[in-house]
Visitor: 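I have a structure here, written as structure tokens, and I will follow up with some questions on it.
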Amino acid sequence: MEQAVIAALLLVGLVIGAGVGASYARAQRGWKDYKTIRTTVPGARRTAWMATRAVITKIGVIALLLFGAAAYAASASDHDRAGPGPTPTPTVTATPGHRAGR
């Protein structure tokens, strides 16, 4: 009877020990991953800000070009480039006894 109790206790100890060992290994791996990521965050943050600045710069340049084009279009005189306009055609004046169109 003692051997059965000892075997049962040994089995329960092995199951509990395996669970605790797996949890400990998971915790160790988590801490290692955390430390690795913590050291890479400043570089990743710097890269993200550089990419953001590049996008903002491109948007700013495009906005300035659009603003300049709109300002040029609004202030440019079309009279310098315009060709000669149509000349008025002489109209026939109606005489008092004559009705136009008949």
Side-chain angles (χ1 to χ4, degrees):
M1 180 77 168
E2 276 183 32
Q3 287 182 345
V5 173
I6 292 174
L9 288 176
L10 182 61
L11 184 62
V12 169
L14 284 173
V15 170
I16 290 173
V20 170
S23 296
Y24 179 75
R26 197 174 315 123
Q28 286 293 97
R29 178 67 185 177
W31 275 108
K32 184 179 176 188
D33 290 346
Y34 168 74
K35 288 178 183 177
T36 302
I37 291 172
R38 186 181 65 186
T39 58
T40 61
V41 165
R45 185 179 295 136
R46 193 175 314 115
T47 303
W49 277 112
M50 284 176 34
T52 303
R53 279 188 215 117
V55 169
I56 290 173
T57 302
K58 288 177 185 177
I59 290 172
V61 168
I62 290 170
L64 285 174
L65 288 173
L66 288 174
F67 179 75
Y72 177 74
S75 67
S77 173
D78 287 338
H79 296 294
D80 297 337
R81 294 178 299 205
T87 57
T89 58
T91 59
V92 178
T93 57
T95 58
H98 181 267
R99 295 170 78 185
R102 290 192 177 203

Visitor: Clusters formed by hydrophobic residues whose side-chain heavy atoms approach within less than 4.5 Å: which one holds Leu66, and what are its other members?
Guide: Ile62
Visitor: Quick one: list whatever passes side chain to side chain contact (heavy atoms under 4.5 Å, CB included) with Thr52, sequence neighbours left out.
Guide: Trp49, Ile56
Visitor: Excluding sequence neighbours, so at least two apart, what forms side chain to side chain contact (heavy atoms under 4.5 Å, CB included) with Ile37?
Guide: Thr40, Val41
Visitor: May I ask you to list the residues sharing a hydrophobic cluster with Ile6, side-chain cutoff 4.5 Å, ordered by chain and number?
Guide: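 Answer for Ile6: none, a lone residue.
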Visitor: Can you list, by chain and residue number, the hydrophobic cluster partners of Leu11 when the side-chain cut-off is 4.5 Å?
Guide: none
Visitor: Which side-chain N or O atoms in residues 19-34 pair as donor and acceptor under 3.5 Å with protein atoms at least two apart or in another chain?
Guide:
unit_1	atom_1	unit_2	atom_2	d
Ser23	OG	Gly19	O	3.0
Arg29	NE	Asp33	OD1	3.4

Visitor: Taking ILVMFWY side chains as joined if any heavy atoms are under 4.5 angstrom apart, and letting links pass through other members, which residues group with Val5?
Guide: Leu9
Visitor: If the condition is salt bridge (charged side-chain N to carboxylate O under 4.0 Å, His left out), which residues does Arg38 pass it with, not counting sequence neighbours?
Guide: none
Visitor: Hey, could you give me each pair passing salt bridge (Lys or Arg N to Asp or Glu O under 4.0 Å) that has a residue in residues 40-53? Not counting sequence neighbours.
Guide: none
